[in-house]
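In what follows, a single structure is set out as structure tokens and then discussed.
Only a predicted model underlies this, so the values are computations on that prediction, with no experimental measurement involved.
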Amino acid sequence: PLKAITAMTLHLAVFVTNFIKLPKKGSFSFKSISMRNLFYSLFFCSTFVLASSNGSITALEEQLKQAIYQNNAEQIQSFLSQYQQQTQQDPLLLSYAEAKLASLRQDYALAIRIYRKMLSERPALTSIRMELAKVLFADRQDRAARLQFDKVKSVKNLPASAYQQIDRYLDALNSYNTWQIDASVSYLKTDNVENVSSATSIENTGFIKGERMLPQKAHGFSYNLSFSRDFNIVGSHYVGFSNETNGKSYWDNHQFDDLFNRTSVGYVYKKNEATFRLQPFYEKRWYGGEAFHWSNGIEMSYSYWLSKNWQNQTALEYEKRRFFIENPQAGNIKTASNTLIWYRNSEQIFYTGIAFSQQKLLERQYSSDIKNVRIGWLQEYAWGISTKLNLSFTHRQFKDQAVLGGILPLGKTRKDHIYTIFAQVRKRDWHLWGITPKLNFEWRKQKSNLDTMYSYKMHNLTLSFEKTF
């Protein structure tokens with residue numbers, strides 16, 4: 001115990017005085033980072049305490065820890081080989097040494113895999129999460145690295161130098177000019193592909209719906225591909241480019257195939273605490289295999305850290321929509337949204353948001369005001385389980401009485417209430433070629449005052465596969 005206390009005192013001293021110093025921009029490399037920092041100190045202190053409680057701090061463990069502390073790959077390999085032959089081992093120390101050795105040898109894929117496995121079992125290990133963030137940073141997995149740095153930054157009561165260190169990494173991430181690519185695909189099965197009411201009558205008109213107006217089944221898949229890059233001009237000023245494609249394809253009902261693409265180019269300003277974007281965009285939609293409508297407009301967004309645990313995101317958008325064939329739903333769309341995110345700790349995130357959209361279209365019966373409120377919760381558990389839950393409510397108020405097909409008055413101004421639940425679960429350490437499987441459940445209920453036309457319920461259980469490049 002005395003030896004453990006002495007060791008803890010030594011590392012606590014290092015804890016205060018030694019931190020990473022990032023080199024100047026353009027000269028950054030993973031090997032150039034000094035590993036004498038507070039996170040190692042935290043790790044060593046915790047492992048010393050665990051070892052002392054068992055009365056089994058061995059000289060070999062001490063040597064292995066010192067080799068890791070000194071960033072000495074040759075010694076780590078030597079002591080690790082000896083330690084692996086011992087009958088009594090500290091699994092945490094063993095995994096840490098293996099990951100450290102892999103990172104020093106620039107085998108980042110192996111190091112990332114080990115660190116993720118450690119966090120799947122012990123998500124509260126802030127020191128290991130920081131190590132994972134640094135290796136992701138070295139491997140140029142910028143988005144994944146930023147997420148882990150943000151989680152570490154949300155941990156309370158770290159020394160000020162620790163937060164400054166994380167900010168240096170975030171500044172370095174902001175200076176990178178790399179492509180960010182995301183892709184996903186999932187299976188679709190639906191009994192109501194157009195989300196229409198199953199009632200056969202048309203309100204109180206005495207008319208009966210045709211087959212095309214009733215729910216139809218479809219089987220297929222949805223897909224998403226997005227890529228973006230910020231090109232640094234000077235200092236914190238960038239030119240941002242992004243392209244996002246979303247689509248649904250039904251092999252047994254192609255008349256409902258839906259494809260959407262948006263391309264944005266504009267100005268970006270980035271600092272470690274804030275990002276501002278002002279980007280004009282062009283988008284186009286294809287429906288049933290034919291060009292349906294196109295739009296251009298501009299989007300402004302601002303993301304800002306209010307504190308170490310709170311982040312705010314605001315977006316404003318104006319869109320001018322046009323159709324390739326004359327359509328009364330052409331017009332102007334204005335949207336404003338705000339999302340507040342609370343990083344309660346490194347394993348738990350909550351968020352809430354509101355949105356308002358005003359659609360002024362050629363015919364007032366299609367114009368509407370849309371109000372939305374949402375809340376969400378992301379959680380990391382032991383055994384590598386992660387979950388996401390989102391609840392939302394939307395109210396849509398149209399502007400004039402509905403006239404079906406322009407000839408059949410329905411006698412009411414349409415008003416919809418929409419309730420949505422989305423849940424997702426995944427296993428963090430399940431990866432194949434960087435592809436992550438996720439199980440998704442979505443439930444939606446729309447209640448309309450034009451009940452026989454627009455009220456419906458739906459639920460889907462899907463398996464999606466996602467990859468970030």
Side-chain angles (χ1 to χ4, degrees), residues 1-23 27-119 121-122 125-139 145 148 152 161-162 165 169:
L2 179 59
K3 186 177 182 181
I5 293 171
T6 303
M8 286 177 64
T9 303
L10 172 63
H11 289 292
L12 285 171
V14 176
F15 178 90
V16 177
T17 59
N18 292 290
F19 301 102
I20 294 173
K21 295 183 179 179
L22 290 178
S27 63
F28 188 88
S29 68
F30 187 74
K31 288 185 176 181
S32 68
I33 300 179
S34 169
M35 294 303 159
R36 291 173 294 182
N37 56 68
L38 69 98
F39 297 101
Y40 289 157
S41 302
L42 286 172
F43 173 79
F44 294 141
C45 290
S46 63
T47 53
F48 275 127
V49 171
L50 290 172
S52 64
S53 66
N54 296 324
S56 60
I57 298 181
T58 66
L60 181 58
E61 284 179 329
E62 292 281 3
Q63 291 172 325
L64 180 56
K65 292 170 186 175
Q66 286 299 320
I68 296 172
Y69 179 79
Q70 295 169 4
N71 205 24
N72 191 318
E74 184 177 346
Q75 289 187 8
I76 293 174
Q77 176 64 73
S78 175
F79 296 137
L80 180 60
S81 298
Q82 299 176 51
Y83 192 62
Q84 289 171 332
Q85 298 173 10
Q86 303 300 308
T87 56
Q88 293 185 349
Q89 300 173 348
D90 180 351
L92 194 63
L93 175 59
L94 185 64
S95 296
Y96 189 35
E98 292 172 344
K100 173 57 63 179
L101 184 61
S103 65
L104 292 174
R105 291 176 172 175
Q106 297 188 356
D107 187 354
Y108 300 136
L110 176 59
I112 290 168
R113 186 161 61 249
I114 296 172
Y115 284 137
R116 278 179 169 160
K117 187 175 186 302
M118 294 172 71
L119 285 173
E121 298 169 354
R122 303 276 295 277
L125 288 175
T126 301
S127 58
I128 299 304
R129 191 176 297 279
M130 182 64 178
E131 289 304 305
L132 172 61
K134 290 190 290 185
V135 178
L136 289 167
F137 178 91
D139 200 36
Q148 298 302 327
V152 175
S161 301
Q165 181 186 104
Y169 273 104

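- In this structure, the side chains of K100 and N71 come closer than 4.5 Å at one or more pairs of heavy atoms.
- A side-chain contact (heavy atoms from CB on, under 4.5 Å) with L101 is found for one member of D107, I114, L80 and no other, namely L80.
- Closest approach of I76 and L64 over heavy atoms only: O-CD1, 4.0 Å.
- Checked against side chain to side chain donor-acceptor pair (under 3.5 Å), E121 has the following partners two or more places apart in sequence or in another chain: K117.
- Donor-acceptor pairing under 3.5 Å is recorded for the side chains of S81 and Q77.
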**OP:** Tell me, with the steps shown, if E98 and M118 meet side-chain contact (heavy atoms from CB on, under 4.5 Å).
**Re:** CA-CA 11 Å; E98 292 172 344; M118 294 172 71; over 6 Å; no
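- In this structure, the side chains of L125 and L92 come closer than 4.5 Å at one or more pairs of heavy atoms.
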Subject >> Worked check of side-chain contact (heavy atoms from CB on, under 4.5 Å) between I68 and L93 >> reply: CA-CA 10 Å; I68 296 172; L93 175 59; 4.1 Å; yes
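- In this structure, Q82 contributes its side chain and L60 its backbone to no donor-acceptor pair below 3.5 Å.
- Between K134 and E131 there is a salt bridge, since at least one side-chain N of the basic residue sits less than 4.0 Å from a carboxylate O of the acidic one.
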**OP:** Output, in order, the C-alpha distance, side-chain angles, deciding distance and verdict of side-chain contact (heavy atoms from CB on, under 4.5 Å) for Q165 and M130.
**Re:** CA-CA 11 Å; Q165 181 186 104; M130 182 64 178; 3.2 Å; yes
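- Although no hydrogens or angles enter the test, the distance criterion places no donor-acceptor pair under 3.5 Å between the side chain of Q63 and the main chain of F79.
- Here A111 pairs with A102, S103, Y115, V135 under the side chain to side chain contact (heavy atoms under 4.5 Å, CB included) rule; sequence neighbours left out.
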**OP:** Verify side-chain contact (heavy atoms from CB on, under 4.5 Å) between I128 and R122, making sure each step is shown before the conclusion.
**Re:** CA-CA 9 Å; I128 299 304; R122 303 276 295 277; over 6 Å; no
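- Defined by atom type and a distance below 3.5 Å, a donor-acceptor pair is present between the side-chain atoms of E61 and Y83.
- Using a 4.5 Å cut-off on side-chain heavy atoms (C-beta onward), R129 and R116 make no contact.
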